[in-house]
Amino acid sequence: MRLKDVIDSPCGLRFMLDQLELQSGYARRWLLEMPLLTNERDILAAYAVLRRFALFVEQVDHTQLNTLLFKLQCLKDIRTTIQNLKQRATLDDIEMFEVKHLAILATDVAALLRNHGMDGVVHIPDLNQVIAILDPDGMKIATFYIYDSYCQELRDLRTEMRQHPDQQEELLVQASELERGVRDDLSRQLHPYATAIEQAQEALARIDANIAKARQVQELGLCFPTLADNDTTTYQGLFHPQVKAVLTAQGKTFQPIDIAFGLQPTLITGANMGGKTVVLKTVTLCQLLAQFAFGLPATSAVVAVKDEVRLCMGDDQSVEKGLSSFAAEMKNIDAVIQASRTGCRLLALIDEPARTTNPVEGTALVSALLRILAHTRMSLLMTTHYDVEPAQAHCLRVKGFVDGAMDYSLVEVRDGEVPHEALRIAESLGIDSQWINQARALLANNHKPT
Amino acid sequence: MSIIADILKYESLSIVGLEKNTGKTECLKYVLARLPLDHKRVAVTSIGIDGESTDQVTRTQKPEIVLREGMYFGTSEMHYRQRRLVSELIDVSDVTTSLGRVVTARALTGGKILLSGPSSGVSLQRWMGEMRRHGIDLVIIDGALSRMSLASPAVSQSMILATGAAYSANMTTLVQKTAFVVELINLPLADEPLRSQLLPHEKGVWWTDSEGALHEMNGVTSLSQDIHFQGMEQCATLYVAGALVDRFLEKVRQHPQLKHAELVVRDFTKIFVSPQQFRLFTKSGGRVSVLQKSKLIAVTVNPTSPSGYVLDSERLCGKLSEAIGLPVYDLLKTQACV
């Protein structure tokens, strides 16, 4: 699974990517191609690099950072050219210009980073040989043509061209033959460096991405996770950056959440508008961010690495595929069950399963789902409004209405009993009082709506 | 000749032809051949790809430009590969055209090149900015005047307009039609800060009230069939970001509340109204201004039409010059009538 496969997950990953101030389009493409890291060692290595860049961004002065960023803006995507070089094709002038431009850029960036003790944090291959091939006069400027210095005969022809413009057309034909020879020769000389050039291009994208991530850590107040040595993930002060931004714009604050979960299923109950869905989205977001080595929106995070992350939201857009909302949801949850049987490390987050069907069958479906999944080695977070049998689940409840205001923090409860606050919340929204009172009267007469 | 001296007063020049075969390329060749390169760095490009890509279909050869040693030029990858001169690559941009990316190079010998540069307004302006960074003193834009091209030549500081028998073979009509375009090119710039306020908006119809606050007319373009100007009693300026057409202008003219409003368009290339409709509008007190304007330096004429019809060059230059109050040149004869 690559970043581009999950970028539009409803958890809000795109927001994080859009907030990144990447300098080059190539770095964005490179980042989108990045696979989900499922190996602890790879994740630790990626964060070690990011931590170094976070420190660098903190300490370096503005002018020097801007110089580096300006350089990174010049990074171009020359994968096609590199591919041609690998296949021993003869490069044309434009392609050679691209190679030279990249080689000089890589050398410049390496020198800038070396000045700040950052050499080796991201390995940039030495391309001085490449520059030497494409810069026979040692000008160190990123421009290119088939220089006179490559071939004495070519130099003579061009001199003649300037002296006899009337013979230019003929002389150009002769010159183009010579130029072709030079290009063949240069391409042969460059071929052994194709891999190094490719690595340099990737290294520059990696540097661009890391600086952007490091600046995001600073700006959004993110943290670096540690990896769990057991199966328990623990977040403190968790927040959803996008929801927080929306609330801040409205003059409101996002109440941070503390949550821990392991392999035992976690059942989250709570009133409507209590932020249960946001909890699931944020946990999903954090798991993905951790395994793509971004800063995490929390004050502290201990993350258990997963092979697969599945978020099932009721309002899936599969309706467009012709499925009813119930059918789409069942299919999604079925996929979770199948995945849980493969034995892979799975994190599944299921938002109010079976919410669109009748409460009797809905409750049965959710209770049964909980029982089945409790016996697998997956991590499961599930929200529901149904009074389900909690089985071996760990039960959390959104605190809900306290002194007339919503408290979004999670408290542990012994069973999964759901709060009955829907009427109070509806009342606080100013919903028609006749309706609410009628419902209240029905409840009092023991006509439980469920 | 004074035309060159006039050009050198500005940092950018666009050469615009009113029709194919009005001598735009001749004019460009004329200018390029005479610029003093010893103390001026000159870059040249074309924005005519969209407008002239039909040449790719009809297989008629696009004219080649002769560059002199030391000139910079921006063209597409495809045309760069077909160059008939020695040149040094300076930049390969991310801007792509139908013929590949736009590359910039410096001519190391004189020779021929096909020009096909940036084809959108944004990319043209970015390219011009890059040229400034390379220390270029004068940017010349081969500016096809086409409804197909998204890039407007009006981003340049100065302009030369090429007209001729290909635009109309009747001398009186030719003079009238050209004079109308000149009138549009010479429309006044909108005042600041209004200009900076409107420039970022490239779509839609907008208006400002007497307080200077900007409002968008939701869901309306200047081409919309039914436009209602309700609730716009306080309208001080009405801005059309897209094309200004007869129907829209007529609506504005007939609307009592907009009588004192100033009509603002992006630049003269966005005006597609008939001279009659435009005249009616200005005669009834309407005012039109633009956000981007080039100083028209001169008009050139090509008295020969592609069908072979030839107008009297001297009379044409004289009549036209009299009508527009600007020097008019027949570059093949290279004599100015003022």
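Everything numeric here is computed off the predicted structure, so don't read it as measured data. Every chain is numbered from 1, with letters handed out A, B, ... down the list of sequences.
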Review point. Which bit of A:A142 comes within less than 4.5 Å of chain B, counting heavy atoms only: side chain, backbone, both or neither?
Key: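 Contact with chain B involves the backbone of A:A142 alone.
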
Point to revise | Under 4.5 Å from any heavy atom of chain B - which part of A:I94 | key: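 Contact with chain B involves both backbone and side-chain atoms of A:I94.
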
Practice item. Find the one option among B:L85, B:D94, B:V92 whose heavy-atom pairs under 4.5 Å with chain A are most numerous. Key: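 That would be B:V92.
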
Exercise for review: Under 4.5 Å, counting heavy-atom pairs only, tell me which of B:K112, B:R106, B:R84 racks up the most with chain A.
Suggested key: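 When all of B:K112, B:R106, B:R84 are compared, B:R84 has the most.
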
Point to revise | chain B contact residues among residues 161-170 of chain A, heavy-atom distance under 4.5 Å | key: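 From residues 161-170 of chain A, the residues near chain B are A:M161, A:R162, A:Q168, A:E169.
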
Review point. Tell me, side chain or backbone of B:E77 under 4.5 Å from chain A's heavy atoms, or both, or neither?
Key: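 Both backbone and side chain of B:E77 come within 4.5 Å of chain A.
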
Practice item. Select one option (side chain, backbone, both, neither) describing which atoms of B:V103 are under 4.5 Å from chain A's heavy atoms. Key: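 Side chain only.
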
Would you say the side chains of [X] and [Y] form a donor-acceptor pair under 3.5 Å?
{"X": "A:Q23", "Y": "A:Q73", "result": "yes"}
{"X": "B:S93", "Y": "B:W127", "result": "no"}
{"X": "B:S116", "Y": "B:T75", "result": "yes"}
{"X": "B:Y239", "Y": "B:R266", "result": "yes"}

Under 3.5 Å: donor-acceptor pair, side chain of [X], backbone of [Y]:
{"X": "A:E95", "Y": "A:D92", "result": "yes"}
{"X": "A:Q201", "Y": "A:I78", "result": "yes"}
{"X": "A:S24", "Y": "A:K76", "result": "no"}

Review point. Quick one: is the NZ or CZ of A:K213 closer than 6.0 Å to the six-membered ring centre of A:F294, and within 45° of its axis?
Key: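 Satisfied, under 6.0 Å and within 45°.
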
Point to revise | side chain to side chain contact (heavy atoms under 4.5 Å, CB included) partners for B:T96, two or more places apart | key: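 In terms of side chain to side chain contact (heavy atoms under 4.5 Å, CB included), with neighbours along the sequence ignored, B:T96 is linked to B:R101.
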
